[in-house]
Amino acid sequence: MSTDMALWQEIVLAVFLVTAGIFGLVGSFGLIKLPDPMTRLHAPTKATTLGVGGVLIASMLYFFFAKGHLSFHELMITLFLFLTAPITAHFLAKANLHTNVARDEVPPPTGDRPWAGFESDEARRIAEEQASKGA
Amino acid sequence: MIGRILPHPLLTLTLVVVWQMLVNYVSLGTLVFGLILGIVIPLITAPYWPDRPRLKNPAMIVEFILVVLWDIVVANIVVAKTILFTRNTAMHPAWVSIPLDLRTPEAITVLAGTITMTPGTVSSDVAADGRSLLVHCLDAPDPDAVRDEIKQRYERRLKEIFE
(Lines give C-alpha, C1' and ligand atoms only; values in the text may rest on other atoms or scores of the structure.)
Protein backbone atom coordinates (compact mmCIF):
# COMPACT_ATOMS: atom_id res chain seq x y z
CA MET A 1 0.00 0.00 0.00
CA SER A 2 1.12 3.52 -0.69
CA THR A 3 3.12 5.29 1.98
CA ASP A 4 1.73 8.80 1.50
CA MET A 5 -1.41 8.10 3.51
CA ALA A 6 -1.84 9.14 7.11
CA LEU A 7 -2.35 6.45 9.73
CA TRP A 8 -5.97 7.42 10.35
CA GLN A 9 -6.70 7.14 6.66
CA GLU A 10 -5.31 3.62 6.56
CA ILE A 11 -7.39 2.74 9.63
CA VAL A 12 -10.59 4.04 7.98
CA LEU A 13 -9.86 1.99 4.86
CA ALA A 14 -9.10 -1.09 6.96
CA VAL A 15 -12.38 -0.75 8.87
CA PHE A 16 -14.38 -0.67 5.62
CA LEU A 17 -12.45 -3.61 4.13
CA VAL A 18 -12.76 -5.77 7.23
CA THR A 19 -16.48 -4.99 7.63
CA ALA A 20 -17.05 -5.90 3.98
CA GLY A 21 -15.05 -9.10 4.43
CA ILE A 22 -17.08 -10.12 7.46
CA PHE A 23 -20.39 -9.61 5.65
CA GLY A 24 -19.10 -11.51 2.61
CA LEU A 25 -18.01 -14.34 4.88
CA VAL A 26 -21.35 -14.45 6.72
CA GLY A 27 -23.14 -14.51 3.35
CA SER A 28 -21.04 -17.46 2.18
CA PHE A 29 -21.51 -19.23 5.50
CA GLY A 30 -25.28 -18.77 5.14
CA LEU A 31 -25.06 -20.52 1.78
CA ILE A 32 -23.82 -23.65 3.61
CA LYS A 33 -25.87 -23.36 6.76
CA LEU A 34 -29.37 -22.50 5.55
CA PRO A 35 -31.65 -25.51 4.98
CA ASP A 36 -33.43 -25.09 1.61
CA PRO A 37 -33.04 -23.32 -1.77
CA MET A 38 -35.32 -20.37 -0.99
CA THR A 39 -33.61 -19.46 2.29
CA ARG A 40 -30.17 -19.97 0.70
CA LEU A 41 -31.11 -17.41 -1.94
CA HIS A 42 -31.06 -14.75 0.79
CA ALA A 43 -27.31 -15.19 1.38
CA PRO A 44 -25.99 -13.81 -1.97
CA THR A 45 -28.25 -10.72 -1.85
CA LYS A 46 -26.49 -9.90 1.41
CA ALA A 47 -23.01 -10.38 0.05
CA THR A 48 -23.67 -8.11 -2.93
CA THR A 49 -24.98 -5.22 -0.84
CA LEU A 50 -22.89 -4.54 2.28
CA GLY A 51 -20.05 -6.89 1.32
CA VAL A 52 -19.36 -5.38 -2.08
CA GLY A 53 -20.54 -1.92 -0.91
CA GLY A 54 -17.88 -1.80 1.78
CA VAL A 55 -15.09 -2.72 -0.65
CA LEU A 56 -16.30 -0.09 -3.13
CA ILE A 57 -16.42 2.67 -0.48
CA ALA A 58 -12.91 1.68 0.61
CA SER A 59 -11.75 1.83 -3.02
CA MET A 60 -13.21 5.31 -3.53
CA LEU A 61 -11.63 6.55 -0.29
CA TYR A 62 -8.27 5.04 -1.29
CA PHE A 63 -8.18 6.91 -4.58
CA PHE A 64 -9.26 10.10 -2.80
CA PHE A 65 -6.66 9.79 0.00
CA ALA A 66 -3.71 8.42 -1.97
CA LYS A 67 -4.16 9.87 -5.46
CA GLY A 68 -6.15 12.97 -4.52
CA HIS A 69 -8.92 12.54 -7.09
CA LEU A 70 -12.45 11.18 -7.01
CA SER A 71 -13.08 7.85 -8.72
CA PHE A 72 -16.52 7.19 -10.14
CA HIS A 73 -16.10 3.62 -11.38
CA GLU A 74 -17.24 2.35 -8.00
CA LEU A 75 -20.58 4.16 -8.36
CA MET A 76 -20.99 2.50 -11.75
CA ILE A 77 -20.28 -0.94 -10.25
CA THR A 78 -22.93 -0.23 -7.60
CA LEU A 79 -25.42 0.83 -10.26
CA PHE A 80 -24.84 -2.26 -12.42
CA LEU A 81 -25.01 -4.57 -9.39
CA PHE A 82 -28.31 -3.05 -8.32
CA LEU A 83 -29.65 -3.54 -11.84
CA THR A 84 -28.47 -7.14 -12.32
CA ALA A 85 -28.54 -8.79 -8.87
CA PRO A 86 -32.36 -8.69 -8.44
CA ILE A 87 -32.79 -10.23 -11.89
CA THR A 88 -30.58 -13.26 -11.21
CA ALA A 89 -32.25 -13.69 -7.81
CA HIS A 90 -35.64 -13.54 -9.54
CA PHE A 91 -34.57 -16.16 -12.11
CA LEU A 92 -33.37 -18.51 -9.36
CA ALA A 93 -36.54 -17.99 -7.31
CA LYS A 94 -38.77 -18.66 -10.33
CA ALA A 95 -36.82 -21.79 -11.32
CA ASN A 96 -37.21 -23.03 -7.77
CA LEU A 97 -40.93 -22.22 -7.73
CA HIS A 98 -41.35 -24.22 -10.95
CA THR A 99 -39.49 -27.33 -9.82
CA ASN A 100 -39.83 -27.57 -6.04
CA VAL A 101 -42.90 -25.66 -4.87
CA ALA A 102 -46.54 -26.68 -5.30
CA ARG A 103 -49.19 -24.11 -6.07
CA ASP A 104 -50.97 -24.52 -2.73
CA GLU A 105 -47.75 -23.98 -0.74
CA VAL A 106 -47.72 -20.26 -1.48
CA PRO A 107 -50.41 -17.73 -0.48
CA PRO A 108 -52.76 -16.77 -3.33
CA PRO A 109 -52.58 -13.35 -5.02
CA THR A 110 -55.41 -10.89 -4.43
CA GLY A 111 -56.78 -10.84 -7.99
CA ASP A 112 -58.58 -13.58 -9.94
CA ARG A 113 -55.52 -14.79 -11.85
CA PRO A 114 -52.81 -16.97 -10.24
CA TRP A 115 -49.08 -16.20 -9.89
CA ALA A 116 -47.52 -15.86 -13.34
CA GLY A 117 -45.31 -18.92 -12.79
CA PHE A 118 -48.29 -21.15 -12.00
CA GLU A 119 -50.65 -20.07 -14.77
CA SER A 120 -50.92 -22.59 -17.61
CA ASP A 121 -50.46 -21.37 -21.20
CA GLU A 122 -54.08 -22.22 -21.94
CA ALA A 123 -55.41 -20.23 -18.95
CA ARG A 124 -53.18 -17.30 -19.95
CA ARG A 125 -54.49 -17.32 -23.53
CA ILE A 126 -58.12 -17.28 -22.32
CA ALA A 127 -57.46 -14.54 -19.74
CA GLU A 128 -55.69 -12.34 -22.31
CA GLU A 129 -58.48 -12.83 -24.85
CA GLN A 130 -61.03 -11.76 -22.25
CA ALA A 131 -58.93 -8.75 -21.29
CA SER A 132 -58.64 -7.60 -24.91
CA LYS A 133 -62.41 -8.04 -25.40
CA GLY A 134 -63.11 -5.98 -22.29
CA ALA A 135 -60.74 -3.21 -23.37
CA MET B 1 -38.55 20.99 -31.99
CA ILE B 2 -36.43 20.31 -28.91
CA GLY B 3 -38.69 17.32 -28.28
CA ARG B 4 -37.77 15.81 -31.64
CA ILE B 5 -34.01 16.02 -31.04
CA LEU B 6 -34.25 15.09 -27.37
CA PRO B 7 -37.26 12.76 -27.04
CA HIS B 8 -36.14 11.67 -23.60
CA PRO B 9 -34.13 14.44 -21.85
CA LEU B 10 -33.68 12.43 -18.62
CA LEU B 11 -32.21 9.48 -20.53
CA THR B 12 -29.89 11.88 -22.36
CA LEU B 13 -28.71 13.36 -19.05
CA THR B 14 -28.25 9.88 -17.53
CA LEU B 15 -26.20 8.70 -20.52
CA VAL B 16 -23.94 11.76 -20.44
CA VAL B 17 -23.31 11.36 -16.69
CA VAL B 18 -22.77 7.58 -16.96
CA TRP B 19 -20.30 8.09 -19.82
CA GLN B 20 -18.29 10.61 -17.76
CA MET B 21 -18.20 8.16 -14.87
CA LEU B 22 -17.10 5.26 -17.09
CA VAL B 23 -14.26 7.33 -18.55
CA ASN B 24 -13.58 8.49 -14.98
CA TYR B 25 -12.47 12.02 -15.85
CA VAL B 26 -14.14 15.07 -17.36
CA SER B 27 -12.74 16.79 -20.44
CA LEU B 28 -14.24 18.53 -23.45
CA GLY B 29 -13.66 15.43 -25.59
CA THR B 30 -15.44 13.01 -23.27
CA LEU B 31 -18.25 15.53 -22.74
CA VAL B 32 -18.83 15.86 -26.50
CA PHE B 33 -18.75 12.11 -27.03
CA GLY B 34 -21.10 11.62 -24.08
CA LEU B 35 -23.49 14.15 -25.62
CA ILE B 36 -23.38 12.34 -28.97
CA LEU B 37 -24.26 9.06 -27.21
CA GLY B 38 -26.91 10.87 -25.16
CA ILE B 39 -28.59 12.18 -28.31
CA VAL B 40 -28.22 9.15 -30.60
CA ILE B 41 -29.19 6.36 -28.18
CA PRO B 42 -32.59 7.84 -27.16
CA LEU B 43 -33.41 8.43 -30.86
CA ILE B 44 -32.57 4.83 -31.80
CA THR B 45 -34.27 3.21 -28.81
CA ALA B 46 -37.44 5.36 -28.90
CA PRO B 47 -39.61 2.47 -30.30
CA TYR B 48 -38.82 0.39 -27.20
CA TRP B 49 -40.48 2.73 -24.69
CA PRO B 50 -43.80 3.78 -26.22
CA ASP B 51 -45.63 4.22 -22.89
CA ARG B 52 -42.77 5.29 -20.67
CA PRO B 53 -43.91 6.64 -17.30
CA ARG B 54 -43.56 10.32 -16.43
CA LEU B 55 -41.82 11.07 -13.16
CA LYS B 56 -44.33 12.98 -11.05
CA ASN B 57 -42.16 13.78 -8.08
CA PRO B 58 -38.40 13.58 -8.87
CA ALA B 59 -37.43 15.01 -5.46
CA MET B 60 -38.95 11.91 -3.89
CA ILE B 61 -36.33 9.76 -5.69
CA VAL B 62 -33.59 11.11 -3.40
CA GLU B 63 -35.64 10.31 -0.30
CA PHE B 64 -36.45 6.85 -1.68
CA ILE B 65 -32.77 6.06 -2.35
CA LEU B 66 -31.72 7.22 1.13
CA VAL B 67 -34.46 5.14 2.79
CA VAL B 68 -33.47 2.06 0.77
CA LEU B 69 -29.73 2.48 1.51
CA TRP B 70 -30.44 2.83 5.23
CA ASP B 71 -32.72 -0.22 5.19
CA ILE B 72 -30.05 -2.24 3.37
CA VAL B 73 -27.52 -1.52 6.13
CA VAL B 74 -29.99 -2.31 8.93
CA ALA B 75 -31.34 -5.44 7.22
CA ASN B 76 -27.79 -6.71 6.52
CA ILE B 77 -27.05 -6.68 10.24
CA VAL B 78 -30.40 -8.34 11.07
CA VAL B 79 -29.84 -11.11 8.50
CA ALA B 80 -26.23 -11.64 9.61
CA LYS B 81 -27.53 -12.14 13.16
CA THR B 82 -30.19 -14.56 11.89
CA ILE B 83 -27.62 -16.62 9.98
CA LEU B 84 -25.10 -16.72 12.81
CA PHE B 85 -27.24 -17.04 15.92
CA THR B 86 -30.59 -18.61 14.96
CA ARG B 87 -30.86 -22.38 14.63
CA ASN B 88 -32.43 -23.54 11.36
CA THR B 89 -35.30 -25.15 13.26
CA ALA B 90 -36.05 -21.88 15.09
CA MET B 91 -36.31 -19.81 11.88
CA HIS B 92 -39.64 -18.82 10.39
CA PRO B 93 -39.22 -18.63 6.59
CA ALA B 94 -42.49 -17.45 5.05
CA TRP B 95 -44.13 -16.62 1.74
CA VAL B 96 -45.92 -13.28 1.74
CA SER B 97 -48.42 -12.11 -0.85
CA ILE B 98 -48.29 -8.35 -1.26
CA PRO B 99 -51.31 -6.71 -2.93
CA LEU B 100 -50.09 -3.87 -5.17
CA ASP B 101 -51.52 -0.37 -5.45
CA LEU B 102 -48.92 0.43 -8.13
CA ARG B 103 -50.04 -0.09 -11.74
CA THR B 104 -47.03 1.15 -13.75
CA PRO B 105 -44.89 -1.86 -14.81
CA GLU B 106 -41.69 0.19 -14.30
CA ALA B 107 -42.71 1.09 -10.75
CA ILE B 108 -43.52 -2.56 -9.93
CA THR B 109 -40.10 -3.57 -11.34
CA VAL B 110 -38.34 -1.03 -9.10
CA LEU B 111 -40.35 -2.24 -6.10
CA ALA B 112 -39.49 -5.91 -6.82
CA GLY B 113 -35.80 -5.04 -7.23
CA THR B 114 -35.81 -3.05 -3.99
CA ILE B 115 -37.41 -5.93 -2.10
CA THR B 116 -34.73 -8.31 -3.39
CA MET B 117 -31.81 -5.96 -2.63
CA THR B 118 -32.89 -5.43 0.99
CA PRO B 119 -31.58 -8.58 2.67
CA GLY B 120 -34.13 -10.91 4.24
CA THR B 121 -36.72 -10.62 1.48
CA VAL B 122 -36.63 -11.87 -2.13
CA SER B 123 -39.41 -11.09 -4.60
CA SER B 124 -40.13 -14.37 -6.38
CA ASP B 125 -43.12 -13.96 -8.66
CA VAL B 126 -45.74 -11.53 -9.82
CA ALA B 127 -49.44 -12.31 -10.30
CA ALA B 128 -50.48 -12.89 -13.92
CA ASP B 129 -52.63 -9.76 -13.78
CA GLY B 130 -49.80 -7.75 -12.16
CA ARG B 131 -51.75 -6.95 -9.00
CA SER B 132 -49.72 -8.84 -6.39
CA LEU B 133 -46.10 -9.71 -5.64
CA LEU B 134 -44.97 -13.01 -4.13
CA VAL B 135 -42.18 -12.36 -1.63
CA HIS B 136 -40.12 -14.87 0.32
CA CYS B 137 -38.90 -13.87 3.79
CA LEU B 138 -35.90 -15.49 5.47
CA ASP B 139 -37.18 -15.06 9.02
CA ALA B 140 -40.63 -13.56 9.48
CA PRO B 141 -42.55 -14.63 12.58
CA ASP B 142 -45.20 -12.04 11.57
CA PRO B 143 -45.66 -12.01 7.76
CA ASP B 144 -48.36 -9.32 7.94
CA ALA B 145 -45.85 -6.90 9.48
CA VAL B 146 -43.45 -7.48 6.56
CA ARG B 147 -46.24 -6.77 4.07
CA ASP B 148 -47.28 -3.56 5.84
CA GLU B 149 -43.67 -2.34 6.11
CA ILE B 150 -43.00 -2.86 2.38
CA LYS B 151 -46.22 -1.08 1.45
CA GLN B 152 -45.59 1.77 3.85
CA ARG B 153 -41.87 2.35 3.28
CA TYR B 154 -41.37 1.60 -0.44
CA GLU B 155 -44.65 1.37 -2.30
CA ARG B 156 -46.05 4.63 -0.92
CA ARG B 157 -42.94 6.54 -2.05
CA LEU B 158 -42.83 4.83 -5.46
CA LYS B 159 -46.47 5.74 -5.96
CA GLU B 160 -45.58 9.39 -5.37
CA ILE B 161 -42.67 9.17 -7.84
CA PHE B 162 -44.43 7.35 -10.69
CA GLU B 163 -48.20 7.80 -10.37
Side-chain angles (χ1 to χ4, degrees), chain A residues 22-23 26-27 29-31 33-36 38-43 45-51 53 63 69-76 79 81-83 85-90 92-94 96-97 101 105-119 123-124 127-128 131, chain B residues 14 17-18 20-26 65 68-69 72-73 75-84 86-89 91 93-100 109-110 112-139 143 147:
Chain A
I22 290 173
F23 276 101
V26 172
F29 174 65
L31 217 51
K33 182 238 180 192
L34 294 169
D36 59 79
M38 273 320 292
T39 50
R40 275 198 288 271
L41 194 51
H42 290 281
T45 62
K46 268 173 53 54
T48 50
T49 50
L50 261 201
F63 279 105
H69 66 79
L70 284 171
S71 169
F72 294 106
H73 279 170
E74 288 81 1
L75 292 180
M76 290 289 97
L79 176 69
L81 265 182
F82 272 65
L83 288 178
I87 296 172
T88 39
H90 186 65
L92 289 169
K94 282 203 87 143
N96 182 53
L97 275 174
V101 181
E105 283 177 60
V106 295
T110 42
D112 300 328
R113 294 175 65 186
W115 299 112
F118 289 113
E119 194 174 53
R124 175 159 309 165
E128 273 164 12
Chain B
T14 310
V17 172
V18 165
Q20 301 308 315
M21 287 184 169
L22 282 176
V23 184
N24 224 355
Y25 62 88
V26 180
I65 290 175
V68 170
L69 286 181
I72 284 176
V73 173
N76 258 290
I77 296 166
V78 172
V79 172
K81 272 190 196 154
T82 310
I83 290 178
L84 291 176
T86 311
R87 276 173 293 113
N88 282 346
T89 47
M91 274 193 330
W95 295 99
V96 184
S97 165
I98 297 180
L100 292 172
T109 311
V110 174
T114 308
I115 291 171
T116 301
M117 289 315 280
T118 45
T121 49
V122 170
S123 48
S124 309
D125 208 348
V126 65
D129 54 6
R131 299 194 170 216
S132 319
L133 267 183
L134 181 62
V135 173
H136 187 268
C137 307
L138 177 61
D139 186 21
R147 188 196 61 208

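Scope of the values below: all heavy atoms of this structure, side chains included, with no hydrogens, waters or symmetry mates. It should be emphasised that the depicted structure is a prediction, and the values quoted were computed from it without experimental measurement. The chains referred to below are lettered A, B, ... by the order of the sequence lines, with proteins before strands, and numbering in each begins at 1.
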Checklist line | Heavy-atom contact with chain B under 4.5 Å, split by part of A:L50 | finding: both
Notebook entry, point to check: So what's closer than 4.5 Å to chain B heavy atoms on A:L34: side chain, backbone, both or neither?
Noted result: both
Notebook entry, point to check: Contact part of B:T114 toward chain A, heavy-atom cut-off under 4.5 Å: side chain, backbone, both or neither?
Noted result: neither
Margin query: Does any backbone or side-chain atom of B:V18 lie under 4.5 Å from a heavy atom of chain A? Answer side chain, backbone, both or neither.
Written below: both
Next item on the list: Decide yes or no for B:V79 and B:I83: does some side-chain heavy atom of the first lie under 4.5 Å from some side-chain heavy atom of the second?
Entry: yes
Next item on the list: Could you tell me which of A:G30, A:S71, A:A43 has the largest number of non-hydrogen atom pairs under 4.5 Å with chain B?
Entry: A:S71
Note to self: For A:E105, which atoms come within 4.5 Å of any heavy atom of chain B: side chain, backbone, both, or neither?
What the structure shows: backbone
Notebook entry, point to check: What residue, out of A:P108, A:P35, A:G27, A:P114, has the most heavy-atom pairs lying under 4.5 Å from chain B?
Noted result: A:P35
Next item on the list: Could you have a look at B:T116, B:V126, B:D125 and say which one has the most heavy-atom pairs with chain A under 4.5 angstrom?
Entry: B:D125
Check: Does a side-chain heavy-atom distance below 4.5 Å link B:V23 with A:F72?
Finding: no
Next item on the list: Name the option with the most non-hydrogen atom pairs under 4.5 Å to chain A; the candidates are B:G120, B:P93, B:S97, B:P143.
Entry: B:S97
Checklist line | Beyond-backbone contact of A:W115 with B:S132, side-chain heavy atoms, under 4.5 angstrom | finding: yes
Next item on the list: Would you check if B:H136 and B:T121 make a side-chain contact, meaning some heavy-atom pair closer than 4.5 Å?
Entry: no
Check: For A:D36, which residues count as a side-chain contact (heavy atoms from CB on, under 4.5 Å) partner, sequence neighbours excluded?
Finding: A:M38, A:T39
Note to self: Taking the side chain as everything from C-beta on, heavy atoms only, tell me whether B:W95 gets closer than 4.5 Å to A:V101.
What the structure shows: yes
Item checked: Pick from B:L134, B:I98, B:I72 with the largest number of heavy-atom pairs that fall under 4.5 Å of chain A -> B:L134
Item checked: Under the salt bridge (Lys or Arg N to Asp or Glu O under 4.0 Å) test, residues paired with B:R147 that sit two or more places apart -> B:D144
Checklist line | Heavy-atom proximity to chain A below 4.5 Å, by part of B:L100 | finding: neither
Check: Are A:T49 and B:N76 close enough that a side-chain donor and a side-chain acceptor fall under 3.5 Å?
Finding: yes
Next item on the list: Below 4.5 Å from any heavy atom of chain A, which atoms of B:T82 appear? Answer side chain, backbone, both or neither.
Entry: backbone
Check: Looking at A:I22, A:L79, A:V26, A:L83, which has the largest count of heavy-atom pairs under 4.5 Å with chain B?
Finding: A:V26
Check: Where does A:L70 contact chain B at under 4.5 Å (heavy atoms): side chain, backbone, both or neither?
Finding: backbone
Notebook entry, point to check: Mind checking whether A:L41 and B:L138 have side chains closer than 4.5 Å, heavy atoms only?
Noted result: no
